[in-house]
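Chain letters run A, B, ... following the sequence lines, proteins first, then strands; residues in each count from 1.
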Amino acid sequence: MIYDFFYNLTGSVIISGTVVALLPLFAFILPFALFAVLLERKVAGHMQDRLGPMRVGYHGILQTVADIIKLIQKEDIIAKDNDKLFFNIAPVLTFAGSYAAFAVIPFSSIFLGADIDLGIFYVIAVTGLVVAGILMAGWASNNKYSLLGAMRSAAQIVSYEIPTILIVLSIVMLTGTMSLYDLSENQTAYFWNWNIFGGPNLDIQKFLLIPFMLIGFIIIYISTLAEVNRTPFDIPEAESELVSGYHTEYSGMKFAMFFLAEYANMFAVSAILVILFFGGYQSPLGYLGNTLNIPWLIPIEQFFWFIFKGIFFVFVQMWLRWTLPRLRVDQLMTASWKYLIPIAFVNLLIIGVISLI
Amino acid sequence: MSVRTEEMVLNMGPQHPSTHGVLRLELTLDGEIITKVVPHIGYLHRCFEKHCEVMTYPQIIPYTDRMDYLAAMGNEFGYVIAVEKLLGIQVPERVEYIRVIMAELQRIASHLVAIGTYGADIGAFTPFLYCFRDRERILNLFEITCGARLLYNYIWIGGLSHDLHPDFIRLTKEFIREFKPNLKELNNLLTFNKIFIDRTANVGILPLETAINFGITGPMLRASGLKWDLRKDDTYSVYNKFDFNIPVGDGRMGTVGDSWDRYFVRVLEMEESLKIIEQAIEQIPDGDVTAAIPKRIKPPVGHIYSRVENPRGELGYFIISDGSTSPFRVKVRAPSFVNLQIMDELCRGHLVADVIAILGSVDIVLGEVDR
Amino acid sequence: MKQYFNNIFTALVTILVGMKVTLRHLFTPSVTIQYPDVKLPLPERERNRLYVNMDDCIGCDQCARACPVNCIEIETVKSVPGEDLGKTSNGKKKALWVTKFTIDFAKCCYCQLCVFPCPTECIYMTDVYEFSEYDRNNLIYNFSTLTPEERRQKLENLEIYNQEKESKKGVS
Amino acid sequence: MKSLEEIVEILKNNLPDVVLEAHSEIKFEPFILIPSDKIDKVCLFLRDNPELYFDSLVNLSAVDDFNGQKIKDEQGNEIMTGGTMSVYYHLESIKFRHKLLLKVTTERDDPIVNSVVTVWNSANWHEREAFDLFGIKFNNHPDLRRILMPYDWEFGHPLRKDYQNPEFYQGMKVPY
């Protein structure tokens, strides 16, 4: 584990703890957010027969850096009637919620903040903080559009957590563990051992599970999409209806915090999906480190595979965003309560029965 | 225990991404349900009718362009027909054909904007840019013909400012050929998308009786199920020489006269316009386009109401002439102005998100509403 | 129940169809250009900034009268006998000093109505379309070739000539 | 299809108390002149009569006839007293495909016309516009406010021929 590595290096609990806590932020989230924003704009551009940012650097690779510099320089506007306390806390809370999830995400077999037994449970719990942040932002903005956005957001996230949890439950039921590290380790070796292909056991159960795993994956993908407020579920932001929803009144760094939280969240849910269904950091084709007999190469490869899979699902999120229209608020609830939750329930039951065989 | 509740007044606009300009809608909300919509217009009022009283007849043409700036050719066409009727001029055949081609190209361009922005209102941004890509090609056609891309001043009283560019026919055929698959792609991406249908079908249903009583015209009226198109029913220019259908709403995805029907009628109309252009290009006669332009435009005393089918509906010009070189009074019956009145009727009982969907399907241009 | 599964099915199918469309566009070349670096060629009938060839202008004021927004201002002074103003390129004799010829491009609506009535074809539209300014007054273009001193002189000439004519009349 | 004479005949037979004047000598569009306090009644009849069935009001336009006496006011501006204002109603029957033009004239100094909003809803904004730009008051109009001009515009009605621009509006200079 990475903590032990730093502990052995420094011998201090505080230093190694701090390093481990900040490592995902600086080693991963910030570069990822910079990259993801650029990716989003490039993907959007090319899908729409445009080019996207082209001015800053080669094909605009430094565009997001320039944007961040611009955002830092911007005046921090707080309107007169805003609720100052909540207005200031909200972006921090939102970011904290999405950042806390990274504590238990295993980037590779050694790069893991904390291997707690209730990993997946913890992730679901802390991402709930994001709702509180958004509600606070909407309320404190003292803006009708923001408030509507925040209310919608709360209703949406609460109702979409249920199908997510039901699918997570079916996986937990099958594997018997809630630790994300154990979940990843279970699906080792080759890609047919991944949960989406029925898990590592080679028997009749595996083949029976494949269709239901697929259904489960689609459901959890849709509901996590809703949890991170991406199109077609971006009604809390709904640019063309609510202008920008809960972050209409924010500017400068506070807006950047929301922005960062959104992209961190996008990766966080993709990472959870990867861990639950696509073997976590495991390589689909075996490790180069094993064949070449270089043991230290394996964690690096694992890190690469994890990021690759995660970014692939982030890309699919973007792809969907630039393809689909947005649902209406009541249709969003319908989709969750009438379609996703019953199907997830039935799926859970069937997986339970299969696991008994 | 009773909880005190009160209605919330929400101002949508004048600065809002989805009001298509500077329209302000005063929404009264019960939760997220609309109980009342009051449109406030006039933010873009440019005194068109007052200007007309001090200008000569040809000078008014650039001003008509600026009313419905997405369908400038149609505006000129309507005005010019009205003045020609007052003057009693017969224009050459070639001029009529070119005017029809231009008006139909403009109709496609205008509907592309309507469809694209409608998609953007619903949340799909990509179709918007695909539509603009195709519209750009139509604007290029206009540009080679008259030099301007948006406000043309091309159709003149008695003729046209320029003849067609030698390349025009070839480029138009090329455009038609390449536009047809794009239209199919647009249907795949947006029109038949389940989410889009859910958002628009059964939203803002406009029954035919109400539509006629409110004076609704154009694609909105046709979506409510009435086959009423001035190109056929009160034919002008050479439209009677072409074979085309009038698409009407059939309630395929929901009820007749819902937002989806209004949207889909526009898609179908683009196909019909392509048909008209194809026929017109084949039949276009030779001739001089500037021959019939009168040197001095001084209509006799009288008044005339003349109307054409603009992309947004019936565009009428009521011109009173007092025998001088400038009109005594010009009243424009702008289709968007009349169609916008229906907002309250359509929106009541729907959600805030539906206001966007309904407003987009009414397809207003504020330049025309406020004139 | 049939409706229920039909909804799920159509939703998934139409979403996949849409995704196919956007994926195909991801790999088609873009239609936009990098504007200041790349510029589209302009068609020959392009209508952009007006230009007045003052050598040919006879000061007939027809363009100013045709303008619907009154953005052209022309002031002329009659020439006195003996002054040779030259001829325009199509052989018309000039008889007026054009002491002022300004076009306010902030007002101009690029309708081309001024171009057609010109008898000597000296006012026409060019292909210059990038001429934004920080100050609105800079958009008032002065085309007159006469300096203010010359203008004053022409006015004086005319006045002197008129006075002479008056006095001659008085004498006779 | 009904001609103007037939329509006038039907109107005269059914509404004997309304004084009608048919002007069919006008070159382009013949019209029927109707007293301004009877227009709503006539319109209701025209809409509901099964033979005529004018179900749609195509256009409503007000006109300042500017035929009164020109006088000078205190500031030396030319204004007009007396004379008339007219309102033109273009009706159309979508069912029978016939059209009709009605005209109403009213006093220019105190123009009052009965509203036809109860007959056709499309008249609502047209009448508001006529009120806004000409100052014609429509009796029984449900919501007679300014529509194109600002609600607090207190300098008259701009489409009147003798309208003078104010110098200042809300502290802003009006002629730019």
Side-chain angles (χ1 to χ4, degrees), chain B residues 51-52 54-66 124-127 129-130 132-134 136-137 140-154 156 161-163 165-168 171 182 184-198 253 290 293 295, chain C residues 3-26 28-33 35 40-50 62-72 107-117 124-129:
Chain B
H51 272 301
C52 289
V54 293
M55 268 180 303
T56 62
Y57 285 93
Q59 281 182 343
I60 293 171
I61 297 175
Y63 281 83
T64 62
D65 280 346
R66 283 156 176 80
F125 198 70
T126 307
L129 287 155
Y130 291 172
F132 265 65
R133 178 197 62 196
D134 294 331
E136 204 67 9
R137 301 197 55 180
N140 285 340
L141 289 175
F142 289 147
E143 196 183 12
I144 61 161
T145 315
C146 69
R149 296 176 67 83
L150 192 68
L151 307 160
Y152 311 103
N153 188 20
Y154 176 63
W156 283 6
S161 72
H162 301 82
D163 200 350
H165 191 272
D167 286 344
F168 181 84
L171 290 171
N182 286 351
K184 206 171 282 167
E185 190 181 86
L186 179 77
N187 281 343
N188 279 340
L189 184 60
L190 187 66
T191 313
F192 295 113
N193 186 291
K194 179 77 178 143
I195 298 174
F196 181 74
I197 292 169
D198 278 357
M253 296 298 167
T290 49
I293 297 177
K295 277 267 168 306
Chain C
Q3 184 66 35
Y4 183 84
F5 287 108
N6 198 24
N7 278 347
I8 297 171
F9 179 74
T10 46
L12 286 177
V13 167
T14 52
I15 286 170
L16 287 177
V17 167
M19 285 172 82
K20 203 178 111 200
V21 171
T22 41
L23 188 68
R24 198 168 56 238
H25 276 275
L26 191 58
T28 46
S30 74
V31 294
T32 53
I33 52 161
Y35 158 61
L40 287 173
L42 295 174
E44 54 199 282
R45 291 175 186 171
E46 192 54 48
R47 268 157 53 183
N48 288 309
R49 193 170 72 188
L50 282 164
Q62 289 205 39
C63 47
R65 263 178 282 153
C67 181
V69 289
N70 297 336
C71 70
I72 305 176
K107 284 186 195 167
C108 180
C109 72
Y110 305 94
C111 62
Q112 214 179 8
L113 280 175
C114 53
V115 174
F116 293 96
Y124 52 85
M125 293 194 134
T126 59
D127 57 357
V128 185
Y129 56 93

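For B:Tyr130, the part sitting under 4.5 Å from any heavy atom of chain C is the side chain, from C-beta outward, and nothing else. In this structure, no portion of C:Val13 lies under 4.5 Å from any heavy atom of chain B. Neither the backbone nor the side chain of C:Asn48 has a heavy atom closer than 4.5 Å to any heavy atom of chain B. Neither the backbone nor the side chain of C:Thr32 comes within contact range of chain B; no heavy atom of the residue lies under 4.5 Å from a heavy atom of that chain. B:Leu151 touches chain C through its backbone: at least one of N, CA, C or O sits under 4.5 Å from a heavy atom, while the side chain does not.
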Cut-off 3.5 Å, no hydrogens considered: what does the side-chain donor-acceptor table look like for residues 108-115 of chain C, sequence neighbours left out?
none

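Taking CG of B:Leu171 as the start and NE2 of B:His165 as the end, the distance is 8.5 Å to the nearest 0.5 Å. Taking CZ of C:Arg49 as the start and OH of C:Tyr124 as the end, the distance is 11.5 Å to the nearest 0.5 Å.
Annotation: side chain to side chain donor-acceptor pair (under 3.5 Å) contacts of B:Asn187 (sequence neighbours excluded): B:Thr191.
Ring planes of C:Tyr35 and C:Tyr129: tilted class, angle from 30 to 60°.
Contact count versus chain B (heavy atoms, under 4.5 Å) is highest, among C:Val21, C:Thr22, C:Leu40, C:Val31, for C:Val21. Counting heavy-atom pairs closer than 4.5 Å to chain C, the top residue among B:Leu189, B:Leu190, B:Val54, B:Asn153 is B:Asn153. Taking C:Arg45, C:Arg47, C:His25 one by one and counting their heavy-atom pairs under 4.5 Å with chain B, the maximum is reached by C:Arg45. The candidate with the highest count of non-hydrogen atom pairs below 4.5 Å against chain C, out of B:Asp65, B:Ile60, B:Asn140, B:Thr145, is B:Thr145. For chain C, the option among B:Ala124, B:Ser161, B:Cys146, B:Ala148 with the highest count of heavy-atom pairs below 4.5 Å is B:Cys146. Ranked by non-hydrogen atom pairs under 4.5 Å with chain B, the options C:Glu46, C:Lys20, C:Met125 are led by C:Glu46.
For the 3.5 Å distance criterion, the side chains of B:Lys194 and C:Asn7 qualify, holding a donor opposite an acceptor.
Cation-pi geometry between B:Arg66 and B:Tyr63 is not satisfied (NZ or CZ under 6.0 Å from the ring centre, within 45° of the ring normal).
Closest approach of B:Leu141 and B:Ile144 over heavy atoms only: O-CG1, 3.1 Å.
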